[in-house]
Amino acid sequence: MRIYRAADYRELSRKAANIISAQVIIKPDCVLGLATGSSPIGTYDQLVEWHKKGDLDFAEVRSVNLDEYRGLGIASEQSYVYFMHQHLFDRVNMKPEHINIPNGLNPDAAAECARYDRVIEALGGIDLQLLGIGRNGHIGFNEPGSAFEKFTHCIDLSASTIEANQRFFKSIDEVPRQAYTMGICSIMHARKVLLIASGEDKAEALYKSFCGPVTPNVPASVLQLHQDVVVVADNAALSRIDAAGLI
Ligand code: F6R
């Protein structure tokens with residue numbers, strides 16, 4: 001695992017975008033695993049800027065998103081499919097048929113999860129998986145206690161994740177209680193993982209994930225067992241690791 005330090009969110013976003021852009025340049029038809037949330041917005045903005053300058057071509061890139069709220073579709077501004085179109089897909093030359101996101105509107109959870117696993121397999125797996133990290137160490141929607149051996153599945157959101165995500169909804173009651181998410185095993189199968197973390201509220205999660213034991217209680221800690229993980233974090237997110245004198 002390599003940790004790249006950034007002074008702030010802006011520098012973090014630029015570094016992360018550089019890594020993704022290198023992947024796209026090296027393999028123009030690569031499969032990018034993508035994430036939503038606050039963390040990757042600056043990264044997507046940077047990729048869009050380079051695309052608009054003519055430096056980055058997404059015509060052959062394929063994407064698979066990590067997760068989607070169960071019950072939400074593109075008509076909902078809080079859905080992850082809406083987020084992705086708003087922040088990336090509609091601003092670059094991604095082909096619609098190359099975009100894959102769990103279908104939150106499929107009420108048949110087992111069928112949707114099996115379909116999504118088949119999509120990832122048919123694409124030949126994920127070349128680069130971008131991840132944010134939850135304050136409780138979750139990756140995707142794999143909450144503490146999630147079994148490491150799972151592929152795509154339907155989960156119940158933890159109280160802390162519902163609370164953290166309520167900022168995107170009118171009230172906490174509107175936050176969906178379930179989501180479809182790639183499992184830890186899907187993420188661990190990615191050939192490369194890029195985890196980004198910004199801000200002091202991620203400091204404890206980063207510390208526990210990369211300096212503590214590998215345990216399902218801290219889902220991101222499993223990444224210690226992945227052979228190619230890059231963490232890009234700002235000083236605030238690294239503050240707990242710094243305080244322990246570990247890097
Ligand atoms: C998003 C996702 C989540 C987020 C995590 C951090 O697709 O899977 O695991 O990466 O909740 O969210 P932010 O970046 O909003 O702090």
Side-chain angles (χ1 to χ4, degrees), residues 6 8-10 12-13 16-17 20 32-45 63-70 72 76-89 99-104 113 116 120 126 128-146 150-169 175-176 178-188 190 193-206 208-209 216 218-223 229 231-234 236-238:
D8 52 24
Y9 181 72
R10 198 181 148 78
L12 172 157
S13 301
I20 296 171
L32 295 181
L34 298 174
T36 60
S38 312
S39 306
I41 291 176
T43 304
Y44 294 150
D45 285 344
S63 70
V64 283
N65 260 82
L66 275 171
D67 42 17
E68 178 62 281
Y69 288 116
R70 188 172 187 202
L72 299 193
S76 164
E77 286 182 22
Q78 290 82 18
S79 69
Y80 287 175
V81 61
Y82 184 98
F83 173 103
M84 288 307 302
H85 279 274
Q86 182 189 24
H87 290 286
L88 185 68
F89 298 150
I99 293 169
N100 300 283
I101 302 184
N103 177 8
C113 295
Y116 207 62
I120 297 171
I126 299 164
L128 171 65
Q129 177 65 55
L130 175 65
L131 296 177
I133 183 169
R135 289 178 300 186
N136 61 7
H138 73 226
I139 45 177
F141 267 127
N142 297 284
E143 300 283 17
S146 300
K150 285 202 173 162
F151 287 92
T152 307
H153 59 291
C154 181
I155 53 94
D156 296 329
L157 270 62
S158 73
S160 75
T161 299
I162 292 170
E163 191 209 310
N165 289 5
Q166 68 166 312
R167 66 191 193 276
F168 301 113
F169 294 81
V175 185
Q178 289 190 311
Y180 295 140
T181 184
M182 280 187 204
I184 297 282
C185 208
S186 326
I187 293 168
M188 289 297 280
V193 173
L194 167 60
L195 184 143
I196 55 178
S198 172
E200 209 177 330
D201 62 335
K202 300 296 174 68
E204 191 66 22
L206 269 195
K208 283 189 180 155
S209 299
V218 185
S221 67
V222 74
L223 296 171
V229 175
V231 177
V232 183
D234 60 18
L238 289 171

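For this chain, numbers begin at 1 and follow the sequence in order. Atoms within a ligand are numbered from 1 in the order they appear, just like the ligands themselves.
- With ligand atoms numbered from 1 in the order given, ligand 1 contributes 2 (C), 3 (C), 8 (O), 9 (O) to contacts under 4.0 Å with heavy atoms of Gly140.
- Ligand 1 has at least one atom lying under 4.0 Å from a heavy atom of Arg167.
- Scanning all protein heavy atoms for the shortest distance to atom 14 (O) of ligand 1 gives Ser39 OG, 2.5 Å.
- Taking every heavy atom of Asp67 and a limit of under 4.0 angstrom, the matching atoms of ligand 1 come to 1 (C), 2 (C), 7 (O), 8 (O).
- Below 4.0 Å from some heavy atom of Lys202 lie the following atoms of ligand 1, by number and element: 6 (C), 13 (P), 16 (O).
- Closest to atom 1 (C) of ligand 1, if we only count protein heavy atoms, is Thr36 OG1, 3.2 Å.
- The backbone N or O of Gly199 sits less than 3.5 Å from a side-chain atom of Asp234, completing a donor-acceptor pair.
- Under the 3.5 Å distance criterion, the side-chain polar atoms of Asp201 are left unmatched by any main-chain donor or acceptor of Arg135.
- Remark: the backbone N or O of Leu157 is not paired with any side-chain donor or acceptor of Gln178 at under 3.5 angstrom.
- The heavy-atom pair separating Met182 from Asn142 by the smallest distance is O-ND2, 2.9 Å.
- To the nearest 0.5 Å, the span separating CG on Leu194 from OG1 on Thr43 amounts to 7.5 Å.
- At distances below 3.5 Å, at least one donor-acceptor pair connects side-chain atoms of Tyr9 with backbone N or O atoms of Gly42.
- In terms of protein heavy atoms, atom 5 (C) of ligand 1 is closest to His138 NE2, 3.4 Å.
- Only the backbone of Ile133 comes within contact range of ligand 1, with a heavy atom under 4.0 Å; no side-chain atom does.
- Counting atoms of ligand 1 from 1 in the listed order, those under 4.0 Å from a heavy atom of Leu66 are 8 (O).
- Ligand-side atoms of ligand 1 in range of Gly132: 10 (O), range being under 4.0 angstrom from any heavy atom.
- Summary of contacts: the protein heavy atom closest to atom 15 (O) of ligand 1 is Ser38 N, 2.8 Å.
- The distance from atom NZ of Lys150 to atom SG of Cys113, rounded to the nearest 0.5 Å, is 9.5 Å.
- For the atom pair CG (Asn103) and CZ (Arg70), the distance works out to 11.0 Å, reported to the nearest 0.5 Å.
- Residue Gly37 approaches ligand 1 through these ligand atoms, each under 4.0 Å from one of its heavy atoms: 14 (O), 15 (O).
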